Amino acid sequence: KKEKFLATLKAVSVELDRRFKQLFGGGEAKLSLEAPGDLSSGLLIQARPPGKEPKLLDALSGGEKTLVAIAFVLALSEGKPAPFYLFDEVDAALDKPNSERLAGLLREIAREAQVIVISHNEELIRHADRVYGVTMRNGSSRVLALELVGNAH
Amino acid sequence: KKEKFLATLKAVSVELDRRFKQLFGGGEAKLSLEAPGDLSSGLLIQARPPGKEPKLLDALSGGEKTLVAIAFVLALSEGKPAPFYLFDEVDAALDKPNSERLAGLLREIAREAQVIVISHNEELIRHADRVYGVTMRNGSSRVLALELVGNAH
Amino acid sequence: TYIKRLTIAGFKSFGKKTSIPFYPGFTAIVGENGTGKSNILDAITFVMGYRSRALRAGKIEHLLYTSPKGETVPEAEVSLVLDNSSGTFDELLPSHTDEVMISRRITASSSTYRIMGKVTAAGDVEKLLSLADIEPGGYYIVEQGMVTEVLERSPRRRRELIEEVA
Amino acid sequence: TYIKRLTIAGFKSFGKKTSIPFYPGFTAIVGENGTGKSNILDAITFVMGYRSRALRAGKIEHLLYTSPKGETVPEAEVSLVLDNSSGTFDELLPSHTDEVMISRRITASSSTYRIMGKVTAAGDVEKLLSLADIEPGGYYIVEQGMVTEVLERSPRRRRELIEEVA
Ligand SMILES: Nc1ncnc2c1ncn2[C@@H]1O[C@H](COP(=O)(O)OP(=O)(O)OP(=O)(O)O)[C@@H](O)[C@H]1O
Ligand SMILES: Nc1ncnc2c1ncn2[C@@H]1O[C@H](COP(=O)(O)OP(=O)(O)OP(=O)(O)O)[C@@H](O)[C@H]1O
Ligand SMILES: [Mg+2]
Ligand SMILES: [Mg+2]
């Protein structure tokens, strides 16, 4: 049980760092226990964006926090693989370059697991294999399959 | 004191409804006391987007809640006028049409009070009188005045 | 496994029966504010067993479609078809099928679950989904506005996430 | 009144002294994630009297610029010039001027406020700003991610907003 926990912690930490580098184009991130000897202590997340000092999570910007959180969620699949991903406007705080990087990463993930994303962001939508449009008519929602024009890939 | 509170409540409620209609293109909103006779009771906010049933605030969508909140903040100026407005990515949850309406409203407000908005959203930025760009060089922030090309107004 | 189809009738803003096919790969759902995108996600977590409080609705009645004229439908039903081509769910099924359907129907005062059309207890749906490591609160479902919530938890609550996937 | 100029040196990500002129009307601040946009807003509420906890920093040292090599500057200073052409602040000024400047300088262990260059108590800055109904927690300042917070408060806490502006 203890070995399983430590092995998972290590694997998720390594994967967090890998996803972090993909999203930030550099820097590093890792997981550790608040009290390394005590297996029941809390989990610390440390992140250092490229070209910056390592910071408390609180000092990161809104967009940087979003990227760290997404890297962490994707890294958890090293423990138990996700059957699918359902993300509702996770990109709300992201600028264009980071949205592009996220879109690329989601395309990669989508080769292994189903990815369903709700978004208003052009950068993300144009990378999708399929797009559904939701409209409201007479107070009731309708869903249409949209044709992607000049798709990104 | 009591008359002042009630008069302010009424004035803010009327202004909330006006700003709500401007942002939603219809519908209505109002403020009321939880227990109308008891001046010390809590404040209720009721909002009905156009073409829909009146809803609990919780049932509104992310974007709809953002618009109600902005309408409420702008309406508070009926009590004490704001010296300036500082908004940090208040438009994160908005789609294009709502961003356009918000930009129009901010341009109107900016005739009376100074409005400074941080945003990633083209729809908002192109309505500004002046744009500052922030960049990071060697881990330190720099600010440049940007020339707006083909400004919206 | 993956989600193959979601059918929504009378749930939240879906007054008209709507059936959405899903496929492996990368799907985007777009639309203006307030059109019902997050309600699609709510429909999925609803059929998996989420309580109405977690679905931005105070009482179960608030999940029943209400028209702009104020008429509320008597019942709502959501059904979810999951892929079972690799036999993930076979352990708890009478016999193998390539697809598994779970559904949930509610009225103002009742809530009924079904697996392959047969009425069953909420706990049985939970057990079936756990064979594919699916649960409504799974780390792989991120609700609107909640993306950085995982960083804002206390270090102890974050550690629980590692325990869950270990 | 309105904000005429903000000068930031050594505060958060502003290692180099930066002076930004502001004008009436509609100004947009843009830039990629993590470049320092919200830190500009933090600089404004900092000089108005906000504590470091409210500025996404645990201790006051975290407000001092640290370079990528880990060198922290010994002090930081932010100054804010406000328009006084209509005499809003005259009541607490020795004589009328068209502009009023407030500033705040911190080291790891001290924090000093100045009005027009003269050292003064934090309370005096607060009193001066209140002549124009300015306070760091004002309803007209909406921090990142907080736009719907006003709706999520309890009805009693919402009512306080009406009392504040009455
Ligand atoms: N029981 C119900 N009956 C009818 N409409 C409902 C019901 N419950 C919620 N709604 C409506 O659904 C709408 C919200 O839908 P949802 O939250 O899915 O929007 P969204 O597409 O995600 O928008 P956004 O882009 O702003 O997040 C609300 O406007 C609300 O009025
Ligand atoms: N004391 C400090 N010294 C150096 N850099 C700092 C300091 N405090 C914060 N920072 C840096 O400032 C950056 C955050 O800036 P800020 O929150 O203003 O970004 P932003 O432009 O608002 O980005 P976003 O668009 O993502 O919200 C962080 O990357 C952080 O490393
Ligand atoms: Mg939504
Ligand atoms: Mg920011």
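Here is the naming used below: chain letters follow the sequence lines, and residue numbers restart at 1 for every chain. These numbers were taken from a predicted model, which means no experiment stands behind them.
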Seminar exercise, completed: Okay, B:Thr66 and chain D: the region with an atom under 4.5 Å from a heavy atom over there is both
Exercise. Which atoms form the tightest heavy-atom contact between D:Tyr139 and B:Ala82, and what is the distance?
Worked result: OH-N, 3.4 Å
For this session: Let me know if B:Asn138 has heavy atoms under 4.5 Å from chain D in its side chain, its backbone, both or neither.
Result: backbone
Seminar exercise, completed: Partner of B:Pro83 under side-chain contact (heavy atoms from CB on, under 4.5 Å), picked from D:Thr88, D:Asp83, D:Leu82, D:Thr1, is D:Thr1
Problem set entry | Test side-chain contact (heavy atoms from CB on, under 4.5 Å) applied to D:Lys16 and B:Arg137, step by step | CA-CA 10 Å; D:Lys16 293 237 172 318; B:Arg137 213 166 312 139; over 6 Å; no
Seminar exercise, completed: Honestly, the part of D:Tyr65 sitting under 4.5 Å from a heavy atom of chain B is side chain
Exercise. Does B:Met136 offer a backbone N or O that forms a donor-acceptor pair with the side chain of D:Thr35 under 3.5 Å?
Worked result: no
For this session: Please lay out, stage by stage, how B:Val143 and D:Ile40 fare under the test side-chain contact (heavy atoms from CB on, under 4.5 Å).
Result: CA-CA 10 Å; B:Val143 178; D:Ile40 292 173; 4.2 Å; yes
For this session: Go through the steps for D:Tyr23 and B:Asp129 under the test side-chain contact (heavy atoms from CB on, under 4.5 Å), then give the verdict.
Result: CA-CA 9 Å; D:Tyr23 304 90; B:Asp129 301 319; over 6 Å; no
Seminar exercise, completed: Among D:Thr18, D:Ile20, D:Thr66, the residue with the most heavy-atom pairs under 4.5 Å to chain B is D:Ile20
Exercise. With only heavy atoms counted, which part of B:Leu39 is less than 4.5 Å from chain D, the side chain, the backbone, both or neither?
Worked result: backbone
Exercise. Where on B:Leu33 is there a heavy atom nearer than 4.5 Å to chain D: the side chain, the backbone, both, or neither?
Worked result: side chain
Exercise. For B:Phe72, is it the side chain, the backbone, both, or neither that has a heavy atom closer than 4.5 Å to a heavy atom of chain D?
Worked result: side chain
Problem set entry | Reported CZ-to-CD1 distance for the pair B:Phe87 and D:Ile141, which is rounded to 0.5 angstrom | 10.0 Å
For this session: Ignoring hydrogens and angles, tell me if any N or O in the side chain of D:Arg156 forms a donor-acceptor pair with the backbone of B:Ser40 under 3.5 Å.
Result: yes
Exercise. If you take all heavy atoms of D:Phe26 and B:Leu124, which pair is closest and at what distance?
Worked result: CZ-O, 4.1 Å
Problem set entry | Interatomic distance, B:Arg142 atom CZ to D:Phe14 atom CZ [nearest 0.5 angstrom] | 10.5 Å
For this session: Provide the closest heavy-atom pair for B:Gln114 versus D:Tyr2 in the form atom of the first, atom of the second, distance.
Result: OE1-CB, 3.4 Å
Exercise. Which bit of D:Glu32 is near chain B, if near means a heavy-atom gap under 4.5 Å: side chain, backbone, both or neither?
Worked result: backbone
Problem set entry | Choice from D:Gly145, D:Gly15, D:Gly31, D:Ala166 maximising heavy atom contacts with chain B below 4.5 Å | D:Ala166
For this session: Of all the heavy-atom pairs spanning B:Leu43 and D:Arg158, show the shortest one and how long it is.
Result: O-NH1, 2.9 Å
Exercise. Looking at D:Ile134, D:Val147, D:Val30, which one has more heavy-atom pairs under 4.5 Å with chain B than the rest?
Worked result: D:Val30
Seminar exercise, completed: Per-residue tally against chain D (heavy atom, under 4.5 Å) across B:Leu74, B:Leu76, B:Ile45, B:Thr8 peaks at B:Leu76
Problem set entry | Choice from B:Ser140, B:Ala110, B:Gly62 maximising heavy atom contacts with chain D below 4.5 Å | B:Ser140
For this session: Would you mind checking which part of B:Val12 comes under 4.5 Å of any heavy atom in chain D, side chain (CB onward), backbone (N, CA, C, O), both or neither?
Result: side chain
For this session: With rounding to the nearest 0.5 Å, note down the distance linking OG1 in D:Thr27 to CD1 in B:Ile116.
Result: 5.5 Å
Exercise. Atom CG in B:Leu60, atom OG1 in D:Thr148: separation rounded to 0.5 Å?
Worked result: 11.0 Å
Exercise. Between CG of B:Leu9 and CG of D:Leu161, what distance do you get to the nearest 0.5 Å?
Worked result: 12.0 Å
Exercise. Side chain, backbone, both or neither: which part of D:Glu160 has an atom under 4.5 Å from a heavy atom of chain B?
Worked result: neither
For this session: Determine whether D:Phe11 and B:Ser141 make a side-chain contact, defined as any pair of heavy atoms from C-beta on separated by less than 4.5 Å.
Result: no
For this session: Identify which part of B:Ala103 has an atom lying under 4.5 Å from any heavy atom of chain D, answering side chain, backbone, both or neither.
Result: backbone
Exercise. Between D:Pro68, D:Gly138, D:Ser154, which residue shows the highest count of heavy-atom pairs closer than 4.5 Å to chain B?
Worked result: D:Pro68
Problem set entry | Engaged part of D:Gln144 at the chain B interface, taking heavy atoms whose separation is under 4.5 Å | both
Problem set entry | Closest contact, heavy atoms only, D:Pro155 versus B:Glu34 | CG-OE2, 3.4 Å
Problem set entry | Structural part of B:Ile109 lying under 4.5 Å from a heavy atom of chain D | neither
Exercise. Taking all non-hydrogen atoms of both residues, which atom of D:Lys37 and which atom of B:His120 are closest, and how far apart?
Worked result: NZ-CE1, 3.6 Å
Exercise. Quick one: of B:Pro81, B:Ala113, B:Ala93, B:Gly42, who has the most non-hydrogen atom pairs under 4.5 Å with chain D?
Worked result: B:Gly42
For this session: Report yes if the side chains of B:Lys80 and D:Tyr140 come closer than 4.5 Å at any heavy-atom pair, otherwise no.
Result: no
Exercise. More than 12 non-hydrogen atoms from neighbouring residues, nucleotides or ligands closer than 6.0 Å to CD on D:Glu126, yes or no?
Worked result: no
